Asks: 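Can you read through this structure? Questions will come right after.
A, B, ... follow the sequence lines: proteins, then strands. Residue 1 opens every chain. Values in this document were obtained by computation on a predicted structure and should not be read as measured data. Atoms considered below: every heavy atom in the structure, side chains included; atoms not considered: hydrogens, waters and symmetry mates.
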2 protein chains.
Amino acid sequence: MSTSAFPLSPHNHQACMRETLAEAEALAATRGERLTPLRRRVLEIVLESHRPVGAYDVLGALARDGARPAPPTVYRALDFLRAQGFVHRIDSRNAFVACFAPAKAHRCHFLLCRRCGRAAEILDAALDQALAETARQAGFAAERETVEIAGLCADCREDASAGVGAA
Amino acid sequence: MSTSAFPLSPHNHQACMRETLAEAEALAATRGERLTPLRRRVLEIVLESHRPVGAYDVLGALARDGARPAPPTVYRALDFLRAQGFVHRIDSRNAFVACFAPAKAHRCHFLLCRRCGRAAEILDAALDQALAETARQAGFAAERETVEIAGLCADCREDASAGVGAA
DNA sequence: GCCGGAATGTTATGTTATAACAGCATCATG
DNA sequence: CATGATGCTGTTATAACATAACATTCCGGC
């Protein structure tokens with residue numbers, strides 16, 4: 001019954017990934033940018049969950065593919081994907097999460113569940129407005145924002161209270 | 001003429017430091033916590049500017065004092081100071097900044113100027129409210145927030161436009 | 001003096017990220 | 001086809017940030 005920004009827990013993630021990947025490919029083509037096999041593979045790896053993954057986790061996944069790239073290879077691919085808005089960085093975790101709506105221009109604000117580990121992108125006009133107003137009042141020219149709210153998502157709150165005892 | 005959250009540029013920083021340090025000492029005493037010489041010295045080092053400093057910068061400063069502590073010493077002191085609210089962590093920079101109002105309970109939201117490097121703490125009820133409302137709508141139980149807005153502070157905007165040409 | 005807990009010291013290592021340069025692929029153009 | 005420009009990837013090395021695990025010391029209360 002929650003109006004959660006998180007994906008429904010048992011959603012069809014295969015379809016979710018496939019569609020997002022297709023969207024990224026279309027966007028890259030439109031922009032004349034090259035979503036090379038390596039970049040595409042890195043994006044797939046990050047898309048595999050709705051949880052932030054570390055650069056070295058990506059490195060590990062590539063290693064399991066058989067390639068044995070060094071860190072710069074991964075960081076370069078991630079830099080490209082970030083520049084395209086296909087992936088966002090979670091500063092409070094030194095990790096990266098896929099964007100599941102790369103076509104929409106948006107600010108990158110997140111909810112991070114400490115229990116299930118999922119990251120949800122927030123799209124909230126009132127919050128955007130409040131941030132803009134805060135900067136304006138200080139005479140500050142905002143260029144980039146890091147907004148990450150950590151806590152418990154709706155699903156995990158329910159599970160936790162169910163686990164403790166009375167519903 | 002800006003209502004800047006940043007300190008006035010040529011403020012009396014000696015007094016600023018001294019007062020904040022005294023406030024921290026009083027708070028620690030009240031709480032029965034021990035602001036030892038090491039912790040106090042680390043706090044002084046972080047207080048020396050309104051810019052975030054890295055843990056290894058602190059380490060360097062301690063080394064110049066003559067002590068040669070290893071990283072855990074610095075991280076432990078910083079952990080203590082953070083727990084007391086005397087220092088905050090800037091996630092987007094892996095760095096630490098002093099709190100100049102440690103007695104006031106507050107959420108830790110920052111403006112970060114990319115030109116002068118200063119960090120300003122934001123105290124904005126409307127922003128707090130918007131963040132709370134965003135979480136509430138998602139059924140999310142917020143526990144900690146990282147809010148860091150990077151850009152140009154009012155002083156640096158003026159300098160930059162002055163530098164370019166017409167005032 | 002002695003004990004217990006907190007603080008600090010010490011050693012080693014884990015984790016995240018980038019600099020610098022080499023090699024190779026792709027493609028437009030002569 | 002040769003050529004050179006550009007951009008992508010590979011490789012080596014190292015920088016920057018952070019913590020685990022255990023030893024020692026400090027300090028107050030008894």
Asks: Rounded to the nearest Å, what distance is computed from the CG atom of residue A/L38 to the P atom of nucleotide D/dG10?
Replies: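 Going from CG in A/L38 over to P in D/dG10 covers 6 Å.
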
Asks: Can you pull out the residues from residues 23-35 of chain A that lie within a 4.0 Å heavy-atom distance of DNA chain D?
Replies: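 When residues 23-35 of chain A is checked for heavy atoms under 4.0 Å from DNA chain D, the hits, listed by number, are A/R34.
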
Asks: Within this structure, what is the CG-to-P distance between A/L78 and C/dT18, rounded to whole angstrom?
Replies: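 It is 10 Å, rounded to the nearest whole Å.
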
Asks: Under 4.0 Å from OP1 or OP2 of C/dT16: is there any side-chain N or O of A/R93 that close?
Replies: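 No, A/R93 has no side-chain N/O under 4.0 Å of OP1/OP2 on C/dT16.
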
Asks: Under the criterion side-chain contact (heavy atoms from CB on, under 4.5 Å), I'd like the reasoning laid out for A/V97 against A/F110: C-alpha separation, chi angles, the key distance, then a yes or no.
Replies: CA-CA 10 Å; A/V97 71; A/F110 297 93; 3.9 Å; yes

Asks: When rounded to the nearest 0.5 angstrom, what distance separates CZ in A/R115 from CG in A/D155?
Replies: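 Answer for the CZ-CG pair, A/R115 versus A/D155, is 9.5 Å.
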
Asks: Rounded to whole angstroms, how far apart are OH on B/Y75 and P on C/dT15?
Replies: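 For the pair B/Y75 OH and C/dT15 P, the rounded distance is 15 Å.
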
Asks: In whole angstrom, what separates A/D79's CG from C/dA19's C1'?
Replies: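 Spelled out: CG on A/D79 to C1' on C/dA19 is 13 Å.
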
Asks: Closer than 4.0 Å, any side-chain N/O of A/T73 to the OP1 or OP2 of D/dT9?
Replies: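 No, A/T73 has no side-chain N/O under 4.0 Å of OP1/OP2 on D/dT9.
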
Asks: Does any residue of residues 50-72 of chain B have a heavy atom under 4.0 Å from DNA chain D, and if so, which ones, in number order?
Replies: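 B/Y56, B/P71, B/P72, in order of number.
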
Asks: Should B/R82 and B/D79 count as an ion pair when the cut-off is N to O under 4.0 Å?
Replies: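 The answer is yes: the pair qualifies as a salt bridge.
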
Asks: Would you say D/dT19 has OP1 or OP2 under 4.0 Å from some side-chain N or O of B/R76?
Replies: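 False: B/R76 side-chain N/O out of range (4.0 Å or more) of D/dT19 OP1/OP2.
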
Asks: Does any donor atom in the side chain of A/Q129 or A/E133 lie under 3.5 Å from an acceptor atom in the other side chain?
Replies: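 Distance-only check fails for A/Q129 and A/E133.
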
Asks: How many Å lie between CZ on A/F96 and P on C/dT15, as a whole number?
Replies: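 That distance rounds to 16 Å.
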
Asks: Which residue, A/H109, A/H106, A/R107, forms the side-chain hydrogen bond (donor to acceptor under 3.5 Å, both in side chains) with A/E121?
Replies: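 Going through the options one by one, the only one that passes is A/H106.
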
Asks: Between B/D124 and A/Q137, is any pair of side-chain heavy atoms under 4.5 Å apart?
Replies: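 Result yes, sub-4.5 Å side-chain heavy-atom pair found.
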
Asks: Ignoring hydrogens and geometry, is there a side-chain-to-backbone donor-acceptor pair from B/R40 to B/L21 under 3.5 Å?
Replies: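 No, B/R40 side chain to B/L21 backbone: no donor-acceptor pair under 3.5 Å.
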
Asks: Select from B/T36 and B/N94 the residue whose nearest nucleotide in DNA chain C is closer to the 5' end of that strand.
Replies: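 Looking at DNA chain C, the more 5' nearest nucleotide goes with B/T36.
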
Asks: Could you check how far CG of B/D91 sits from P of C/dT16, rounded to whole Å?
Replies: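 About 14 Å, once rounded to whole Å.
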
Asks: Angle between ring planes, B/F6 versus A/F140, binned at 30° and 60°: parallel, tilted or perpendicular?
Replies: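 Aromatic pair B/F6/A/F140 classed parallel.
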
Asks: To the nearest Å, how far apart are A/Q84 CD and D/dC8 P?
Replies: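 Taking atom P of D/dC8 as the reference, CD of A/Q84 is at 10 Å.
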
Asks: Answer with yes or no whether the hydrophobic clustering places B/F100 together with B/L111; edges join I, L, V, M, F, W, Y residues whose side-chain heavy atoms lie under 4.5 Å apart.
Replies: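 Unlinked, B/F100 and B/L111 end up in two clusters.
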
